[in-house]
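Before any comments, here is the structure.
Please read these numbers as outputs of a predicted model, since none were measured by experiment.
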Amino acid sequence: MVNLLPTILYSCMIGMTLLALLELFKRPNERQYFFLKALFGLMLVHLSGELFIYSGAYVYAPGIAGLQMPFRILLGPMLFFYAHAAMSSEQAIDNRAKVITVLGPVIVITIMLPFIFMITPAEKLALASPETRDPALWRIAVLTCLLSTITFIVYTLYFLVMAFRQHRVHREQLMERYSDIEKSSLDWFRIILMIWGAVWLMYAVEFSLNALGWRWFGSGIVLPIVEVAALAVFTQQALGQKVLTSSEKSAPKSSDTKTVQTREALLSEERMQRISTKLEQVMEDEQLFLLDDLSLKKLSESIRETENHISETLSQFLKTNFFQFVNGYRIEAAKKALENSDKQITGIAFDVGFNSKSTFNTAFKKFVGHSPSAYRKLLAEQAQN
């Protein structure tokens with residue numbers, strides 16, 4: 001029996017995935033594209049498995065039903081490998097992550113062995129209907145599904161957490177070196193992680209419910225709709241994401257980058273005070289914060305202090321980072337412009353060094369507690385009183 005809506009949706013997703021793969025094969029041989037190809041390839045196997053069931057094609061080849069499950073468990077690891085390649089300058093992936101990745105399919109295949117070898121294709125087909133299924137074989141099938149699903153949830157959660165950590169480290173290191181991180185921070189990836197996490201959890205729950213013979217009004221409807229939306233957003237963002245330079249990526253663990261503990265022993269309080277004064281002077285007198293591409297390197301050259309010494313002064317003495325330090329001056333300049341001129345907010349944002357209105361709005365609200373428009377309205381109300 002054909003389940004029409006999910007059949008259409010999974011067919012569309014397979015088409016989207018194939019088009020994404022064709023586009024990726026045109027791209028240069030970058031590590032992030034390699035793992036992105038692998039991720040879309042695994043998605044293709046997963047989606048084909050779902051289409052195989054919903055379209056009713058399983059009646060023609062029941063023996064291969066479920067063979068996509070060992071590949072499906074690799075979706076979480078591959079998403080993390082993509083994150084690592086896109087955000088970390090470290091080429092090698094941690095050996096523990098590699099071992100855990102390999103163990104996933106091994107565990108699932110081991111769980112599936114009774115289902116594969118103890119149940120014939122004809123018996124598998126009979127399991128599809130309560131009237132024809134054998135109770136003993138049905139218990140084997142249900143146990144196989146539940147154990148595989150639990151393994152999928154555990155593995156996916158583990159690698160999603162690792163991907164979140166990779167993004168957090170990447171963003172923190174960008175904020176230590178750049179005043180504009182919007183195009184390099186991959187903030188869309190954090191949202192995608194949450195979406196994929198929700199989608200895969202929904203899939204695991206629905207898969208388990210179906211295995212137990214339980215259905216709800218949204219079975220075969222809600223999940224495919226959410227999944228097609230998630231895939232569309234991820235495909236657009238991933239294909240549109242530029243390849244970062246090595247300086248824009250987070251440093252490897254074995255890097256010579258100084259840790260906070262090491263920095264504490266490098267500079268005296270007096271030296272950091274002098275550097276802090278120089279930083280304030282160059283910001284107030286030369287207004288370097290107006291440069292939209294201001295970086296730690298440029299600031300270092302301007303005040304003739306090393307990048308490490310500036311970073312240490314910012315983190316240990318001023319209790320901030322480069323990104324927040326520079327944007328603090330930009331916001332103060334924006335506040336004055338909002339108070340003393342009628343210029344449009346977008347124009348003010350660009351004037352004070354921001355590259356986009358959205359970044360400006362986010363930073364302004366974080367520093368001031370109000371959006372720029374709300375702040376201007378508040379100033380007008382205060383002037384009337």
Side-chain angles (χ1 to χ4, degrees), residues 83-84 87-90 162-187 189-190 244-335 352-355 359-360 362-369:
H84 185 275
M87 303 180 209
S88 175
S89 59
E90 188 175 16
M162 289 185 66
F164 267 112
R165 289 177 178 173
Q166 179 66 64
H167 180 263
R168 177 179 55 79
V169 170
H170 168 68
R171 200 174 194 281
E172 287 176 353
Q173 292 201 20
L174 279 178
M175 292 176 73
E176 291 181 0
R177 291 174 284 171
Y178 298 98
S179 62
D180 177 30
I181 65 172
E182 185 177 16
K183 295 180 180 179
S184 305
S185 62
L186 278 79
D187 283 342
F189 185 75
R190 181 174 52 188
L244 304 183
T245 64
S246 57
S247 63
E248 290 175 315
K249 295 182 178 181
S250 58
K253 296 177 182 178
S254 58
S255 168
D256 292 332
T257 302
K258 300 294 187 297
T259 62
V260 172
Q261 288 77 12
T262 305
R263 286 177 183 169
E264 290 177 351
L266 282 179
L267 301 179
S268 65
E269 192 83 4
E270 293 76 17
R271 179 67 186 280
M272 286 191 287
Q273 175 66 69
R274 289 197 296 271
I275 294 175
S276 174
T277 301
K278 293 171 70 174
L279 288 173
E280 293 172 1
Q281 288 176 343
V282 78
M283 285 295 171
E284 294 173 359
D285 297 342
E286 300 181 26
Q287 295 190 316
L288 284 187
F289 60 87
L290 297 180
L291 298 175
D292 57 6
D293 61 344
L294 181 61
S295 64
L296 181 63
K297 182 179 180 181
K298 289 184 179 180
L299 183 58
S300 170
E301 293 169 350
S302 179
I303 67 172
R304 300 183 184 277
E305 295 284 352
T306 67
E307 294 180 34
N308 281 340
H309 287 180
I310 295 174
S311 292
E312 181 181 344
T313 300
L314 291 173
S315 63
Q316 303 302 317
F317 189 76
L318 296 177
K319 307 300 181 185
T320 187
N321 57 44
F322 178 77
F323 179 82
Q324 294 171 337
F325 176 73
V326 174
N327 283 336
Y329 281 94
R330 290 174 174 172
I331 296 303
E332 287 302 318
K335 287 169 64 178
V352 299
F354 286 95
N355 279 319
T359 303
F360 171 63
T362 301
F364 194 95
K365 189 168 185 178
K366 181 177 180 180
F367 277 91
V368 182

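Listed by first and then second residue, the ring pair (Phe, Tyr, Trp, His ring centres under 6.0 Å) pairs involving residues 303-327 are F325-Y329 (not counting sequence neighbours).
By the 4.5 Å heavy-atom criterion applied to side chains, D187 and R171 are counted as neighbours. Counting heavy atoms from C-beta on, the side chains of F354 and I331 come closer than 4.5 Å. Using a 4.5 Å heavy-atom threshold, the side chains of N321 and L314 count as separate. Here the side chains of K298 and D293 are in contact, with some heavy-atom distance below 4.5 Å.
Here the CD1 atom belonging to I310 is positioned 3.5 Å from the CD1 atom belonging to I303, to the nearest 0.5 angstrom. Summarising the geometry, atom OG belonging to S89 is positioned 11.5 Å from atom CD belonging to E248; distances are rounded to the nearest 0.5 Å. The line from CD1 of I275 to OG1 of T313 is 3.5 Å long, rounded to the nearest 0.5 Å. In this structure, M283 CE and L299 CG are separated by 5.0 Å, a value rounded to the nearest 0.5 Å. The structure places CE of M272 at 6.5 Å from CD of Q316, a figure rounded to the nearest 0.5 Å. Rounding to the nearest 0.5 Å places OG of S295 at 11.0 Å from CG of D180.
Checked by atom type, the side-chain pair S247/Y178 shows a donor-acceptor distance below 3.5 Å. Looking at N308 and T306, their side chains never bring a donor and an acceptor atom within 3.5 Å of each other.
One N or O on the side chain of H170 and one on the backbone of S184 form a donor-acceptor pair closer than 3.5 Å. One N or O on the side chain of S250 and one on the backbone of M87 form a donor-acceptor pair closer than 3.5 Å. In this structure, E312 contributes its side chain and L267 its backbone to a donor-acceptor pair below 3.5 Å.
Of all the heavy atoms in F189 and A163, the pair that sits closest is CE2-CB, 4.1 Å. The heavy-atom pair separating L186 from L244 by the smallest distance is CD1-CD1, 3.9 Å. Of all heavy-atom pairs between Q166 and H84, the closest is OE1-CD2, 3.5 Å.
A salt bridge links K335 and E332; the closest N-O separation between the charged side-chain nitrogens and carboxylate oxygens is under 4.0 Å. Using a cutoff of 4.0 Å between basic side-chain nitrogens and carboxylate oxygens, R274 and E270 are not scored as salt-bridged.
With sequence neighbours excluded, the residues that form a side chain to side chain donor-acceptor pair (under 3.5 Å) with S179 are R330.
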**Report entry** Candidate pair K297 and R177, rule side chain to side chain contact (heavy atoms under 4.5 Å, CB included), full reasoning
**Finding:** CA-CA 7 Å; K297 182 179 180 181; R177 291 174 284 171; over 6 Å; no
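Summarising the local packing, NZ of K365 is surrounded by 12 or fewer heavy atoms from other residues, nucleotides or ligands at distances under 6.0 Å.
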